[in-house]
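See structure below.
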Protein chains: 2
Amino acid sequence: MAHASSDQTPATWRHSAEVALRAAGLRCTFPRRAILDWIAAATGPFTAEQLVAALEAQHGSSSRATIYRLLDWLQSAGWLTRIYSDGTQHAYARFWPGHHHTAVCVRCGSAAVISECHVEESIRPALAALDFEIHGHVLELYGVCTNCRTRAD
Amino acid sequence: MAHASSDQTPATWRHSAEVALRAAGLRCTFPRRAILDWIAAATGPFTAEQLVAALEAQHGSSSRATIYRLLDWLQSAGWLTRIYSDGTQHAYARFWPGHHHTAVCVRCGSAAVISECHVEESIRPALAALDFEIHGHVLELYGVCTNCRTRAD
DNA sequence: CGAGTTATTGATACACTGTCGCAAGTTTAT
DNA sequence: ATAAACTTGCGACAGTGTATCAATAACTCG
Ligand SMILES: [Zn+2]
Ligand SMILES: [Zn+2]
Ligand SMILES: [Zn+2]
Ligand SMILES: [Zn+2]
């Protein structure tokens, strides 16, 4: 599934995810649209429960089951990336399919995406010594973003 | 089994962790010894619940609360490394304090430790573009270990 | 458009993980 | 031995995620 779109704005993400949903034979229902809208408007990583709470406050909210079901699909299709290290909750960030990493700010929680990746080539010697056949990896970076740093100074 | 130095055996880990426990002013009680024994005997990553279940089957088992309390301490002191990507459960692998990464076999679950790390230097250009001040990172590798691969062939 | 087909929803009940507070029990120091 | 301090385990609890299934909504096609 190649995504030819060049601008990766929230609105484009929103539209492309819906297109992909339909292409997968899934229906674009009202509850699903509400979920996609909320995710598109999110400015950083979020947990499933944050989404549940936010939609609960809305008129015509989606149920917890529906939310979790769509989150699962969006992640498996690559439209969300799972943030593993954020506690034991299911946490995600909006994403474009493809290999990438996230740089998470420990102060404000914003996540930047880094698509460049040389991890496997740099780790290859160590893996060769182990005779380990690599299939993939997860990398998350922690630090302070430029906004938070200038504010603190 | 290409682990670095020969003194990082399970038995040495077991002993050193107990020494560290005492040095921290904590008491080395019977339940805690049972937990350390089980972890020392583990051959790969494990979840908190696996440990709970294993000790429940033993005579004079430790309670869930005691187990979780010690796991927390062991992780914060660096004697266990947390495996974030293994579902939503608290999963750990035995570890020696220091920066490292794990290569987890997706077939047998064994985890090898890789102490060599060039992640931050290889990612530095991308972070510089973001003006992101890095404090740390988590990297987990997935693949198939040499044992599982030769067995399949 | 309307009927038929199929996917989807949401309510509820449930299982599982992990946490908390506290009285009773251990360990250690004197 | 006694006292002080730490630790345990129970049990109750909260949070997170899953399973079920009848009712409903979305899509398809004529
Ligand atoms: Zn920030
Ligand atoms: Zn990568
Ligand atoms: Zn293996
Ligand atoms: Zn590293």
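Within every chain, numbering begins at 1; the chains are lettered A, B, ... in the order of the sequence lines, protein sequences first and strands thereafter. In this text, all values refer to a predicted model and were calculated from it rather than measured experimentally.
The shortest distance between side-chain heavy atoms of A:W73 and A:L21 falls below 4.5 Å. Counting heavy atoms from C-beta outward, B:V52 and B:E56 have side chains that approach closer than 4.5 Å. Using a 4.5 Å cut-off on side-chain heavy atoms (C-beta onward), A:T102 and A:Y84 make no contact.
When the C1' atom of D:dG17 is taken as reference, atom CG of A:L70 falls 16 Å away, rounded to whole Å. The nearest whole Å value for the distance from the CD1 atom in A:I67 to the C1' atom in D:dT18 is 14 Å. Rounded to whole Å, atom P of D:dT8 lies 16 Å from atom OH of B:Y68. One can place CD of B:Q89 at 17 Å from P of C:dA15, the figure rounded to the nearest angstrom. Across the protein-nucleic acid pair, B:W73 atom CH2 and D:dT8 atom P stand 13 Å apart, rounded to whole Å.
Side-chain nitrogen and oxygen atoms of A:R64 include none within less than 4.0 Å of the OP1 or OP2 phosphate oxygen of D:dG17. An OP1 or OP2 oxygen of D:dT8 is reached within less than 4.0 angstrom by a side-chain nitrogen or oxygen of B:T29. Listed pair B:R27 / C:dT26 fails the phosphate criterion, with no side-chain N or O lying under 4.0 Å from OP1 or OP2. Using a 4.0 Å cut-off, no side-chain N or O of A:T66 falls inside it from OP1 or OP2 of C:dT8. Between B:R22 and C:dT28 there is a side-chain polar atom (N or O) within less than 4.0 angstrom of OP1 or OP2.
Enclosure of atom NE2 in B:H118 by more than 12 non-hydrogen atoms of other residues, nucleotides or ligands within 6.0 angstrom is indicated.
At the heavy-atom level, B:R69 lies under 4.0 Å from base atoms of the strands shown. As judged by a 4.0 angstrom heavy-atom cut-off over every strand, A:C28 is placed among residues touching the sugar-phosphate backbone only.
If A:A65 and B:R33 are placed on DNA chain C by their nearest nucleotide, the residue sitting closer to the 5' end is A:A65.
Of the candidates D:dG17, C:dC20, C:dG18, the closest approach to any side-chain atom of B:E49 belongs to C:dG18. For B:S62, taking side-chain heavy atoms from C-beta onward, the closest of the listed nucleotides D:dG9, D:dT8, C:dT9 is D:dG9. Listed candidates were C:dT8, C:dG10, C:dT19. Nearest to the side chain of B:H90 is C:dT19.
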Quick one: do A:R14 and A:E18 satisfy salt bridge (Lys or Arg N to Asp or Glu O under 4.0 Å)? Show the steps, please.
-> CA-CA 6 Å; A:R14 171 69 180 75; A:E18 182 168 333; 2.7 Å; yes
